[in-house]
2 protein chains.
Amino acid sequence: MDIQLKRGLLDVCVLAAIKSEDSYGYKIIKDMKPYIEISESTLYTILKRLELAGMLTVRTSEHGGRLRKYYHITKAGLGRLEDFKDEWREVMSIYQFVTLGDTKNEKK
Amino acid sequence: MDIQLKRGLLDVCVLAAIKSEDSYGYKIIKDMKPYIEISESTLYTILKRLELAGMLTVRTSEHGGRLRKYYHITKAGLGRLEDFKDEWREVMSIYQFVTLGDTKNEKK
DNA sequence: AATAATACTTCGTGATATGATGTATTACAC
DNA sequence: GTGTAATACATCATATCACGAAGTATTATT
């Protein structure tokens, strides 16, 4: 999939991945995989960015003798997801513009 | 609208704006305006990029004592628009992922 | 013992949207 | 007839960001 199209989608995907329950890096990647590929370097960059923006909080927890960072979505993060749904209406109108006049049985 | 979401949309929007008939910079901006805002610097950058990629051709023509650059979509450009429609299926599946479990009457 | 999987980090790079600024002509308001 | 807006295109510097590469460390599997 086109890199540029992914931008703007990745952030909300990560937030969506931790929406229903706290999760950690490796799991987020696996959960997103069926829908969108994300590299480790990209994910951890995004997680840090989202943390700085107050969209999520981090908690370090031991798991099987190894440290894991669990990410928890905040109210701001949930708000971001809501805003995204609003923006999506705009996106769909743009899609309409791009595919305008593309129906098979188009009239002149 | 979110800058990141615009990426990946702008290129195809510009191609769509010259799809049915040749157009020029200023008109493209005005045609796109109801759907998506684009600054002049961005548009001319994109037009140059698309020309280099063989998605469109340029023809300079005089109009009212002033030079105008008319942009014409190529087969490759039309192909790009077709590819975009395929990619859109992926985008919609991502949207599903993001809004998963967001219905009002959600079951546990 | 070796390899794969899990888990996170840092760095450099390339793509790119945009504001600022500049040039030049035409149309219009006063 | 002079100033301002609109038309039309160009260039530059900047900031954001996805990603590959490379690294560190532990656990699970073969």
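Note on naming: letters A, B, ... go to the chains in the order of the sequence lines (proteins, then strands), and numbering restarts at 1 for each one.
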*Asks:* Rounded to whole angstrom units, what separation is found between the CD atom of B:Glu62 and the C1' atom of D:dA8?
*Replies:* 13 Å
*Asks:* Atom OH of A:Tyr26 to atom C1' of C:dC8: distance rounded to whole Å?
*Replies:* 10 Å
*Asks:* In this structure, how many angstroms lie between the P atom of C:dT10 and the CG atom of A:Leu43, rounded?
*Replies:* 14 Å
*Asks:* Below 4.0 angstrom from OP1 or OP2 of C:dC8, is there any side-chain N or O of A:Lys48?
*Replies:* no
*Asks:* Below 4.0 angstrom from OP1 or OP2 of C:dA7, is there any side-chain N or O of A:Lys27?
*Replies:*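 Checking A:Lys27 against C:dA7: no side-chain N or O falls below 4.0 Å of OP1 or OP2.
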*Asks:* Taking the side chain of B:Arg66 as its heavy atoms from C-beta onward, which of D:dT7, C:dT18, D:dC17 lies nearest to it?
*Replies:* D:dT7
*Asks:* Here's a test of your reading of the structure: between A:Gly25 and B:Arg7, which maps to the more 5' nucleotide of DNA chain C?
*Replies:* A:Gly25
*Asks:* Using the side-chain heavy atoms of B:Tyr71, tell me which of these nucleotides is nearest: D:dA10, D:dA8, C:dT16.
*Replies:*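 Nucleotide nearest to B:Tyr71's side chain: D:dA10.
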*Asks:* Is a donor-acceptor contact shorter than 3.5 angstrom present between the side chain of A:Ser39 and the base of D:dG20?
*Replies:*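 There is none.
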*Asks:* Any salt bridge linking A:Lys6 with A:Asp2? Criterion: basic side-chain nitrogen under 4.0 Å from a carboxylate oxygen.
*Replies:* no
*Asks:* Looking at the side chain of A:Arg49, which of D:dC17, C:dC8, C:dA15 is the nearest nucleotide?
*Replies:*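 Looking only at side-chain atoms, A:Arg49 lies closest to D:dC17.
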*Asks:* Taking for each residue the nucleotide of DNA chain D bearing the nearest heavy atom, is the 5' side occupied by A:His63 or by B:Thr45?
*Replies:*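 Result: B:Thr45.
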*Asks:* Between A:Tyr24 and A:Tyr71, which heavy-atom pair has the shortest distance, and what is it?
*Replies:*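 Heavy atoms only, the tightest pair is CA-CD1, 4.1 Å.
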*Asks:* In terms of side-chain heavy atoms of B:Lys69, which of D:dC9, C:dT6, D:dA21 is nearest?
*Replies:*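 The answer is D:dC9, which lies nearest to the side chain.
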*Asks:* Between A:Glu82 and A:Lys85, is there a side-chain N and carboxylate O pair less than 4.0 Å apart?
*Replies:* yes
*Asks:* Rounded to the Å, how far apart are B:Asp31 CG and D:dT7 P?
*Replies:*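 In whole Å, D:dT7 P lies 12 Å from B:Asp31 CG.
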*Asks:* Please give, in whole Å, the distance from D:dC9 C1' to B:Ile28 CD1?
*Replies:* 12 Å
*Asks:* Please state how far atom CD1 in A:Ile29 lies from atom C1' in D:dG20, giving the value in whole angstrom units.
*Replies:*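 In whole Å, D:dG20 C1' lies 14 Å from A:Ile29 CD1.
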*Asks:* Describe the nucleic acid contact of A:Arg68 in one word from base, sugar-phosphate, nothing, applying a heavy-atom distance below 4.0 Å.
*Replies:*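 Since only primed, P, OP1 and OP2 atoms lie under 4.0 Å of A:Arg68, the category is sugar-phosphate.
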*Asks:* Counting any heavy atom closer than 4.0 Å, what does A:Glu40 reach on the DNA or RNA strands: base, sugar-phosphate only, or nothing?
*Replies:*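 A:Glu40: base contact, heavy atoms under 4.0 Å.
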*Asks:* Less than 4.0 angstrom between a side-chain N/O of A:Tyr44 and OP1 or OP2 of C:dT9, yes or no?
*Replies:* no
*Asks:* Which heavy atom in B:Tyr35 sits nearest to a heavy atom in A:Ser93, and how many Å separate them?
*Replies:*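 Taking every non-hydrogen atom into account, CD2-O, 3.5 Å.
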*Asks:* Parallel, tilted or perpendicular: which one describes the rings of A:Phe84 and B:Tyr95, with boundaries at 30° and 60°?
*Replies:*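 Tilted: the ring planes of A:Phe84 and B:Tyr95 meet at 30° to 60°.
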*Asks:* How long is the line joining CG of B:Leu52 and P of C:dA15, in whole Å?
*Replies:* 12 Å
*Asks:* Could you report the tightest heavy-atom contact between B:Ser23 and B:Ile28, atom names first, then the distance?
*Replies:*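 So the minimum-distance heavy-atom pair works out to OG-CG1, 3.6 Å.
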*Asks:* Quick one: A:Asp11 CG to D:dA18 C1', roughly how many Å, whole number?
*Replies:*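 Value for this atom pair: 11 Å.
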*Asks:* Categorize A:Lys30 for me: base, sugar-phosphate, or nothing, with a 4.0 angstrom heavy-atom threshold over every strand shown.
*Replies:* sugar-phosphate
